[in-house]
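Notes follow the structure.
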Amino acid sequence: MPKLKRKTDENTVDAMAPSAEFLEAKARWTEISAKHQELVEKRDALGLALSLAASPENARRVSDAVRQFAHPYKKLAERRRSKAIAEREDTVYALDEMTPAHSAEAEIWAAVRQRETNRLGCLLQPRHRAAVKAMAAAMEALSRATADECDVRDELRRLAPLPTSPNLPDLSSDLCLGQMADWGGVAWTWARRLRTLGILED
């Protein structure tokens, strides 16, 4: 008999897929950022090639990576310096012309990414809250067990001639959680945050 597959909520799967707004903004940003980066690299490579061509002794001192970066414009800078200078100026101008559109698209892309992240966070919130409530239940149980462990050692201090015994080591303080009823402790602070977020009721 073929193994039955678990049913999937198609609406949930579709909802978790990237939104149309996100995909459109990503496509626009990918295109304009690639063009911008290409111009930046061309401007810098031309500038470096011109600098190395003007100072051969310095060219011998730079790393192979630097020489490789400038290599596409090496001959142009050495043989037709004025053309290389003009081409760099044109590149700088093109970058200046693109800056407003690039900056605007960067802001749009940042805003869209945040909205998309918030949208997905909202869809995942029920699962997250269920997990946190399970954590809270476990913390409550741990808090009660911690209190019981402390009570046993307190009883030893009341009854025994010495306050401690290797037979009753302190096995709760190492957790550094404290009890949920301990004001200001880790467990108390954590539970308070859950109440502030509305995950737990007062």
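Source: prediction; values computed, not measured.
In the hydrophobic clustering (ILVMFWY side chains linked at under 4.5 Å, chained through shared members), Leu48 is joined by Leu52, Val62, Val66, Phe69. When hydrophobic residues (I, L, V, M, F, W, Y) are linked wherever their side-chain heavy atoms come within less than 4.5 Å, the members clustered with Val152 are Leu156, Leu168.
Smallest separation of non-hydrogen atoms from Ala84 and Ala77: CB-CA, 4.0 Å. Across all non-hydrogen atoms, the minimal contact from Pro18 to Leu23 is CB-CD2, 3.8 Å. Closest approach of Leu171 and Glu149 over heavy atoms only: N-OE2, 3.0 Å.
Within the structure, salt bridge (charged side-chain N to carboxylate O under 4.0 Å, His left out) pairs that include any residue of residues 65-77 comprise Asp64-Arg67, Lys74-Glu78 (at least two apart or interchain). Contacts classified as salt bridge (charged side-chain N to carboxylate O under 4.0 Å, His left out) and involving residues 154-164 (residues at least two apart or in different chains) are given here: Asp154-Arg157. A salt bridge (charged side-chain N to carboxylate O under 4.0 Å, His left out) check over residues 121-141, counting only residues at least two apart or in different chains, returns the pairs Glu140-Arg144.
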- Task: Check the pair Leu124 / His128 against side-chain contact (heavy atoms from CB on, under 4.5 Å), numbers first and verdict last.
- Result: CA-CA 6 Å; Leu124 292 168; His128 181 258; 5.7 Å; no
- Message: Before you tell me yes or no, could you show the steps for Arg195 and Glu201 under salt bridge (Lys or Arg N to Asp or Glu O under 4.0 Å), namely the whole-Å CA-CA distance, both residues' side-chain angles and the distance that decides it to 0.1 Å?
- Response: CA-CA 6 Å; Arg195 294 187 180 92; Glu201 297 180 357; over 6 Å; no
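Side-chain N or O atoms of Thr99 include one that pairs as donor or acceptor with a backbone N or O of Leu95 at under 3.5 Å.
Considering OG of Ser55 and CG of Leu50, their distance stands at 12.5 Å, rounded to 0.5 Å. Remark: Met98 CE to Ile32 CD1 distance equals 5.5 Å, nearest 0.5 Å. Atom NE2 of His102 is separated from atom OG of Ser33 by 6.0 Å, given to the nearest 0.5 angstrom. Atom OG of Ser19 is separated from atom CG of Asp14 by 13.0 Å, given to the nearest 0.5 angstrom. Once rounded to the nearest 0.5 Å, the distance linking CZ of Arg119 with CD of Glu21 reads 9.5 Å.
At least one side-chain heavy atom of Leu175 sits less than 4.5 Å from a side-chain heavy atom of Leu142. In this structure, Ser172 and Arg153 have side chains that are in contact, with non-hydrogen atoms separated by less than 4.5 Å.
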Under 3.5 Å, which donor-acceptor pairs link side chains of residues 34-46 to any protein atom two or more places apart or in another chain?
unit_1	atom_1	unit_2	atom_2	d
Lys35	NZ	Glu31	OE2	3.3
Gln37	NE2	Glu41	OE2	3.0
Lys42	NZ	Glu87	OE2	3.2

Side-chain donor-acceptor distances from residues 178-194 under 3.5 Å, at least two apart:
unit_1	atom_1	unit_2	atom_2	d
Asp182	OD2	Gln179	N	3.0
Thr189	OG1	Gly185	O	2.8

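Scanning for side chain to side chain contact (heavy atoms under 4.5 Å, CB included) contacts around Ser173 gives Asp170, with sequence neighbours left out. The ring-ring contact (aromatic ring centres under 6.0 Å, His included) test applied to Tyr73 returns no partner, not counting sequence neighbours. Residues passing the side chain to side chain contact (heavy atoms under 4.5 Å, CB included) test with Gln114 are Thr117, Asn118, sequence neighbours excluded. Scanning for side chain to side chain contact (heavy atoms under 4.5 Å, CB included) contacts around Asp90 gives an empty result, with sequence neighbours left out. Taking Ile108 as the reference, Arg28, Glu105, Val112 meet the side chain to side chain contact (heavy atoms under 4.5 Å, CB included) condition, with sequence neighbours excluded.
You'll find the ring centres of Phe22 and Trp29 outside the 6.0 Å limit.
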